[in-house]
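All values reported here derive from a predicted model rather than from experimental measurement.
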Amino acid sequence: MATIHVDGQRYDVEGSDNLLDACLSQGLDVPYFCWHPAMGSVGACRQCAVKQFKDEDDTQGKLVMSCMTPAADGTRISIDDEQAREFRASVIEWLMINHPHDCPVCEEGGHCHLQDMTVMTGHDRRRYRFRKRTHRNQYLGPFIAHEMNRCITCYRCVRFYRDYAGGTDLGAFGANSNIYFGRHQDGVLESPFSGNLSEVCPTGVFTDQTHSEQYTRKWDLQFAPSICHQCAVGCNISPGERYGDIRRIENRYHGEVNRFFLCDRGRFGYGYVNRDDRPRQPEWRSDRDDGWVTLEVDAALDHGADRLRSARRVIGIGSPRASLESNHQLRELVGEEAFSTGIGVAEQRCLDEMHSLNQRCGLPTPTLREVEHHDALLILGEDLIESAARVGLAVRQAAQARRETLAAERNIPTWNDAAVRTLGQDRYHPVFIAYPTATQLDDVTAARFTLAPDDIARLGFAVAHEIDDQAPAVADLDSATREAARDIATRLMAAERPLVISGGSLGCEAILQAAGNVARALARRARRGGLLLVRREANSTGLTMIGGKPLEWALDELASRRADAVVILENDLYQRLPAAANDAALTTAETVVVLDHQRTATWAQAHLGLPAASFAEADGTLVSLEGRAQRFFQVFDPSYLRPATRIHESWRWLHVLRGDIRRHPVADITLDAVTRDCARAHPALDAIVDAAPDANYRVHGLKLAREPHRYSGRTAMRAHLNVSEPRVPQDPDSPFTFSMEGYNGIGRPREEVAFAWAPGWNSPQAWNKFTDEVGGHLRAGDPGVRLIAPSPAADAFATAIPESFRGRDGEWQLVILSRLFGGDETSSRAAPIVARAAPATLAVADDDATRLGVDDGDRLEITGQAGSLTLAVRREATLPSGVVGLPAGLAPVLVAGEWVRLAVSRGGGGDAGGHS
């Protein structure tokens, strides 16, 4: 700690910080541009100037850049010194020389860091009277719009894109006052984190293109705290709504998870919420040959409840993309013995194995923030940028943290970004990756091993044996793999905080068991390591904790007529198992009830379809891959602007189906009641009631506001429907109100902050006002509660080591390759994600492609036990011979791990299908 004096006031600060960081952490306002809490200081903009004095007798002082000056003990500075204020105002004037006068039409207006800093410095006159520099803007893809004339040359964009996120196709061109930030030519930004440019940029150079198409000022958006549903990482988001549509998603700060950044799938994958073809009213048909009939809620529920009561046996199929509350309500409706998780048996075995390892391997699961501080990493069977992108970004920071270690040895502060990077160059903490193809983290790896799944597992088992000889040895291991295992083990043991990362992407239990053995070996050797296991869907972890039978069991029960009715919760079964198995079960069932917010192939098989709320219209709880239970809150009432809409949360529909509609109307249940009931029924989930404040939470007697205090049009939102404005919707399920007439200040620390705003801070930089220190944690604590803790001692080593992979004549082993864009069920229904996704291709090893006589773009028919697909070929130099890679997200005709046949396609038809 250090004591500094600012304008005569004494403050105790962290001595390792710079003065800018220290002042902001104390709530003091110092303007800045180039500095960012995640990227450190380069002193490029000169905006954060303050007056520094030698001692208390010094009255002259000197101007210093606070971002480049240590917060040393005894430092005396003045922010309000007249010379410093004049200098800061002049800096703004220099930066604004070429900036256009377009705030009223700029999409950044109202949440612009440049606007905030201009007001803060007091600059309000322009004296420049000459021709402004102008640039031609570029097309950068469906996510980001480009307006280069607004640039103030702070360099934040390229520092984030290249230095932090590892992108290579965005740079700075030119020199002096004619610098251009963009690509070498028009084209789609390649980084899966490009959307963060819209928040990193302090001006309107890079803006959210998806928001441009339905633009609304920030103060006219209604927000609620939410959780990204596009993968299992659990990033916190702030969705903004206007007129019944989600208009944009911004990052919501969480000190242990995503902090300042999101991946592009999480930021731009919300389009499925706004689709015009969504079901918005209950739909019924007595026979599948009949057409759909739209019903009112009471009639629909009467039909559904009567059919379910008359059924001999009802089973329920849950979903890993639905909340804990919804899955619990379905389980209560059908009974424990009739509940299926809705997950295929192979994936469920992997999920069960991961849950067991998290509890019994002896190593804890690190948070995303903790991942960045591990100093040796082994990744088995995961392409992290594709399967859990935000984890991949954290791994990149962990590798690059070697530079900070080297800087600390030379007393260079870690915030001095240019010096640290110059010293570190391309030296990284060791990262080892074993995966069938190249990955986007290969540039920071110490070694990469492109292996078939069984050989990845064998490598992991060998590493565990090298760490602890009590772990089973791998027989018939070739010398190269044995030497690699020995090197990996040595590097992991030499590290202070080794980390093992694996997951279920390849659907191989052996890989998970191998990762578990490495974790057990490290735990037995008393290493302060960690084990992180990647799941596929938003609530895969939570659904595993609830438990249930696999999807194949449920379909077999229906097809064999041991059950004659089924309730399917937010799950398109046709995206999980081949169509034939689903058709056999659903066409046999006498009653099929489907709850979903999308029209899927499963919805088309229903007798009764109930329109479920998406994450933007619902409240509920998810459990992330690290075992953190987090609450997401309803952003808007879907019926307020569409009175004919009858959308409700799935748990609310299911509550009524359990009872009598006349005695239990849809509104006769609250989220708090369902959450408490879920916690009571499942002891492993008993802490979820503490994941967020309940509906009774108040600040100074007020509920929390969903709308900024400048929100306009509150009394005219329905003017196109009726001049008589109804009462604002009432929310009995959360501590939020559908109004600006609630608490939205910063005086009371709280976990559930809906949007970033503080007096004088309208941009995303306002999160500084809600944290205990800049880049630290929310002052009231980070949201959510951890549910899973490992036992202090590791359990026994796994011993089922697979044989070495051997190819077969005329057959290839299939691996499903994770895909960020187009690889999950919901975001692949969003138009920008579809535009960004690369065409689906079949990855074939070079040797195999040569033998087959095919090249890139040629078409191959791939045939498995349940059917075939025809895809264009992509030759993959690193793929092991005898293995073919199919991208995730296609119709599941083929199963991971099965042996398939390949044939050159002679005609059309049979092409792989994706989501509609």
Side-chain angles (χ1 to χ4, degrees), residues 346 350 379-383 386 433-439 442 447-462 474-482 484-485 502 504-514 800-819 840-888 890 892-905 912:
C350 288
I379 303 171
L380 296 174
E382 288 292 327
D383 181 357
E386 300 291 342
I433 300 178
Y435 192 72
T437 65
T439 78
D442 289 350
R448 173 171 58 85
F449 308 93
T450 50
L451 303 169
D454 284 348
D455 287 342
I456 293 173
R458 287 169 62 83
L459 174 64
F461 281 116
V474 181
D476 303 323
L477 197 64
D478 63 272
S479 58
T481 304
R482 191 175 303 280
S502 188
S505 293
L506 295 178
C508 180
E509 282 186 88
I511 292 177
L512 294 168
Q513 292 166 353
I801 302 175
E803 296 292 326
S804 178
F805 173 77
R806 290 181 176 84
R808 299 180 183 178
D809 290 338
E811 290 187 317
W812 284 259
Q813 188 178 44
L814 178 71
V815 294
I816 304 297
L817 303 177
S818 299
R819 185 162 59 141
T841 56
L842 184 67
V844 181
D846 274 347
D847 291 346
D848 293 336
T850 300
R851 283 196 296 272
L852 289 165
V854 295
D855 210 337
D856 287 341
D858 293 340
R859 302 182 72 75
L860 279 177
E861 183 180 36
I862 175 171
T863 304
Q865 293 182 357
S868 64
L869 296 173
T870 299
L871 288 169
V873 170
R874 173 173 56 86
R875 293 177 66 123
E876 176 64 61
T878 61
L879 191 69
S881 182
V883 173
V884 295
L886 188 71
L890 303 182
V893 175
L894 305 169
V895 179
E898 74 169 310
W899 290 86
V900 299
R901 299 181 301 280
L902 300 178
V904 177
S905 176

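- Applying the ring-ring contact (aromatic ring centres under 6.0 Å, His included) rule to pairs touching residues 847-881 yields nothing, sequence neighbours excluded.
- No donor-acceptor pair closer than 3.5 Å links the side chain of Arg875 to the backbone N or O of Asp855.
- Among residues two or more places apart in sequence or in another chain, the side chain to side chain donor-acceptor pair (under 3.5 Å) test is passed with Gln865 by none.
- Residues that satisfy the side chain to side chain donor-acceptor pair (under 3.5 Å) test with Thr863, not counting sequence neighbours, are absent from this structure.
- In summary, of the residues considered (Ser818, Pro453, Cys350), a side chain to side chain contact (heavy atoms under 4.5 Å, CB included) with Ser505 occurs for Ser818 alone.
- Take Glu509 and apply the salt bridge (Lys or Arg N to Asp or Glu O under 4.0 Å) test, not counting sequence neighbours, and it matches Arg349.
- Among Leu860, Val884, Leu902, the single residue meeting the side chain to side chain contact (heavy atoms under 4.5 Å, CB included) criterion with Val873 is Leu860.
- A donor-acceptor pair is defined here as one N or O able to donate and one able to accept, closer than 3.5 Å; no such pair exists between the side chain of Gln813 and the backbone of Gly882.
- Residues passing the side chain to side chain donor-acceptor pair (under 3.5 Å) test with Glu386 are Gln440, sequence neighbours excluded.
- Remark: side-chain polar atoms of Arg458 are paired, donor with acceptor, to backbone N or O of Pro802 under 3.5 angstrom.
- Checked by atom type and distance alone, the side chain of Arg448 never pairs as donor or acceptor with a backbone atom of Thr437 at under 3.5 Å.
- When all heavy atoms of Leu477 and Ala462 are compared, the closest pair comes out as CD2-CB, 3.6 Å.
- A side-chain donor from one of Thr439 and Asp442 sits under 3.5 Å from a side-chain acceptor of the other.
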Test side chain to side chain contact (heavy atoms under 4.5 Å, CB included) applied to Gln513 and Phe461, step by step: CA-CA 8 Å; Gln513 292 166 353; Phe461 281 116; 4.0 Å; yes
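- Considering every non-hydrogen atom in both Thr450 and Pro880, the closest pair reads O-CG, 3.6 Å.
- No side-chain donor-acceptor contact under 3.5 Å links Thr841 to the backbone of Ala872.
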Verdict with reasoning, Arg859 to Glu861, per salt bridge (Lys or Arg N to Asp or Glu O under 4.0 Å): CA-CA 7 Å; Arg859 302 182 72 75; Glu861 183 180 36; over 6 Å; no
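- Smallest separation of non-hydrogen atoms from Ile456 and Gly381: CG2-N, 3.9 Å.
- Remark: Glu811 engages Arg808 in a salt bridge (Lys or Arg N to Asp or Glu O under 4.0 Å) (not counting sequence neighbours).
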